Amino acid sequence: MNDGVGIGFRKDFGSAFFDQSVIKPDFVELAPENWIDVGGYWKKQLDKVAEQYPILLHGLSLSIGSPDPIDWKFLGKIKSFIEEWNVPIYSEHLSYSKCDNAHLYDLLPIPFREDAVKHISQRIKEVQDFLGHKLVIEIVSYYTPVAAEMTEVQFINAIQSESDCELLFDINNIYVNGFNHGYNPKEFIEQLDLSRVRYIHMAGHEKISDDLIIDTHGQPIIDPVYDLFEFAIGKLDHQVPILLERDFNIPEMGELQTELERLKSISKRAWKHEHHAEA
Amino acid sequence: MLKPETLSQQQKLADFCRSNVEPELIGTTDGRLKNYRRLVFSVVQDALGSSYPLSKNLLSTKEWDELCFNFFRDHRCQNPQVWRMPFELIDFTESTHSSLCEKYPWLLELMIFEWKEVEYYMMADLTFPIERSGDFWEDPWRLNPEMEIMALSYPLHMKNARFISRTDVGSYFCIIFRQPGTFKVKFMNVSPFFAWLIESMRLEPSKLRDLVPVMESQFNLTDIPAVKERIRPFFEKLLNEGMIH
Ligand SMILES: [Fe+2]
């Protein structure tokens, strides 16, 4: 799968999600943790989703940046899920959510350090070997650096080249990080190896004070993030699927469809240009 | 290999998220760390509260908040699936909060009862037996595999947990099952006699006719025609609910 605009499927979307006259994404993204070994009503809903749309996976529990060992048993379940549902992209977060043998169920920032680069790159390679394909790693939003000895972009670039992974480009996260840490998101994007971008996320956020945005996925995407999106895809020399994330404060499905259409028209415009340029 | 300092920075941040004791970390932005504790702990509180609404309601706000706080600080959550994590609260409560368990002697049973509902609602589909056709007494009945009988000391399935008292202690039986088609999880109060009957059928598909002599001896029943009169409507109800085939 190389293009299209999809949506992160939430259980609270309700039955309106299945009315294709109201909302019609090109694919849906699921968190495998919410669906693995689940039966009954939700299994029926999963079947229904899979009947209508291709499924992509975005994991929550891999904890690739953790000091703890990887949970191979659970990753095995994810692998089976990928095979069962014919999933073309499995992505995860460049963060950690487990430490000292305790799950934390949220994404903590990793120290931007050389030893962490080595540690994480090695783990990504092991995961890729196990899955038999590249891992797509998301640049996460974070609210404070911890014990950093290099910049965020140096950290990400080093992991990418050392592990040969692919990149999930979350434009909202880059915007949020730029705001929270006082850097220019466009300059940040220009310093990344964009040939590795495999997938894009777009979302809304919440500004809770003059100097802090929390990445809630609970609001519509704001215009400056659309602008950054347009800038970013203008820099890509290949098409990738684009996802709208909306996890809380779920509006009418029609509103989400409007956001999907806006994303689609921006990407079409950008990628049409590119096509002409190539021709 | 992570250097000891990098490792300890990661551990301190994680520990702060669990304990809410502000750590000494290198190079953090002023005032930002607290967001991590807040975000992490609210996920945990939401998961616990939505799995145990009745237990939460039974305890005082202070008791419930303290239980959640201590659980996340002292227990190492093991399940990578956040919706399965609340199951771990039951053992934690039993092993570390004996005074709560003494104050509310039905608390642990209530938590197990509430967890069963989550578990049955979410559990992977089991293979159902093929539809039965045959004689009511002469052919074996098969149970819906998505069911079990709970033996309870308090009438949690019949009474609001807040109004239960020590005097309610007794011997209760309740069937919990996921209803085919609707996928709803239902509870049904049953007498010890019917609990026994269903449990016998659960152990192996049985003909009712073969069970009759056992009923006579086990329950000291003499008026078998009257027993048969009671069994028929009960089984019809089970059939209607999709609990037997
Ligand atoms: Fe994202």
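Letters go in sequence order (proteins before strands), and every chain restarts at 1. Quick caveat: nothing in here was measured; it's all calculated off a predicted structure.
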Measure across [X] and [Y] and return the closest heavy-atom pair with its distance rounded to 0.1 Å.
X: Asp37(A); Y: Arg84(B); result: CB-NH2, 3.2 Å
X: Pro67(A); Y: Leu7(B); result: CB-CD1, 3.3 Å
X: Ala102(A); Y: Arg18(B); result: CB-NH1, 3.6 Å
X: Arg32(B); Y: Asp211(A); result: NH2-O, 2.8 Å
X: Ser141(A); Y: Tyr36(B); result: O-OH, 4.5 Å
X: Tyr96(A); Y: Ala14(B); result: OH-N, 4.1 Å

Please say whether more than 12 non-hydrogen atoms of neighbouring residues, nucleotides or ligands are located less than 6.0 Å from [atom1] in [X].
X: Glu24(B); atom1: CD; answer: no
X: Asp129(A); atom1: CG; answer: yes
X: Lys11(A); atom1: NZ; answer: yes
X: Lys159(B); atom1: NZ; answer: yes

Heavy-atom cut-off 4.5 Å, strictly under: side chain, backbone, both or neither for [X] against chain B?
X: Tyr143(A); answer: both
X: Lys44(A); answer: side chain
X: Ile208(A); answer: side chain
X: Tyr105(A); answer: both
X: Asp71(A); answer: side chain

In terms of heavy-atom pairs under 4.5 Å with chain A, the winner among Gln9(B), Lys3(B), Gln81(B), Gln10(B) is Gln10(B)
Answer key: most heavy-atom pairs under 4.5 Å with chain A among Met122(B), Met85(B), Lys12(B) is Met122(B)
Could you give the distance from [atom1] ([X]) to [atom2] ([Y]), rounded to the nearest 0.5 Å?
X: Lys43(A); Y: Met123(B); atom1: NZ; atom2: CE; result: 14.0 Å
X: Phe183(B); Y: Gln45(A); atom1: CZ; atom2: CD; result: 9.0 Å
X: Trp35(A); Y: Trp83(B); atom1: CH2; atom2: CH2; result: 11.0 Å
X: Asp100(A); Y: Arg76(B); atom1: CG; atom2: CZ; result: 5.5 Å
X: Leu104(A); Y: Leu13(B); atom1: CG; atom2: CG; result: 8.5 Å

Most chain B-contacting option - heavy-atom pairs closer than 4.5 Å, from [options]:
options: Ile214(A), Asn180(A), Leu60(A); result: Asn180(A)
options: Thr144(A), Leu212(A), Asp106(A); result: Thr144(A)
options: Ser66(A), Gly65(A), Ala148(A), Pro145(A); result: Pro145(A)

Which answer fits [X], side chain, backbone, both or neither, if we ask what part of it has an atom under 4.5 Å from a heavy atom of chain A?
X: Phe72(B); result: side chain
X: Arg38(B); result: side chain
X: Glu5(B); result: both
X: Leu25(B); result: side chain
X: Val43(B); result: side chain

Steps toward side chain to side chain contact (heavy atoms under 4.5 Å, CB included) verdict (His103(A), Asn79(B)): CA-CA 7 Å; His103(A) 281 279; Asn79(B) 210 302; 5.8 Å; no
Distance-only donor-acceptor hits, side chain of residues 196-203 of chain B, under 3.5 Å, sequence neighbours excluded:
{"unit_1": "Glu199(B)", "atom_1": "OE1", "unit_2": "Arg202(B)", "atom_2": "NE", "d": "3.2"}
{"unit_1": "Glu199(B)", "atom_1": "OE2", "unit_2": "Arg202(B)", "atom_2": "NE", "d": "3.4"}
{"unit_1": "Glu199(B)", "atom_1": "OE2", "unit_2": "Arg202(B)", "atom_2": "NH2", "d": "3.2"}
{"unit_1": "Ser200(B)", "atom_1": "OG", "unit_2": "Trp196(B)", "atom_2": "O", "d": "2.7"}

Next item on the list: Classify the ring geometry between Tyr41(A) and Tyr121(B) as parallel (under 30°), tilted (30 to 60°) or perpendicular (over 60°).
Entry: parallel
Within residues 108-120 of chain A, the residues sitting under 4.5 Å from chain B by heavy atom, in sequence order, are Leu108(A), Pro109(A), Ile110(A), Pro111(A), Arg113(A), Asp115(A), Ala116(A), His119(A)
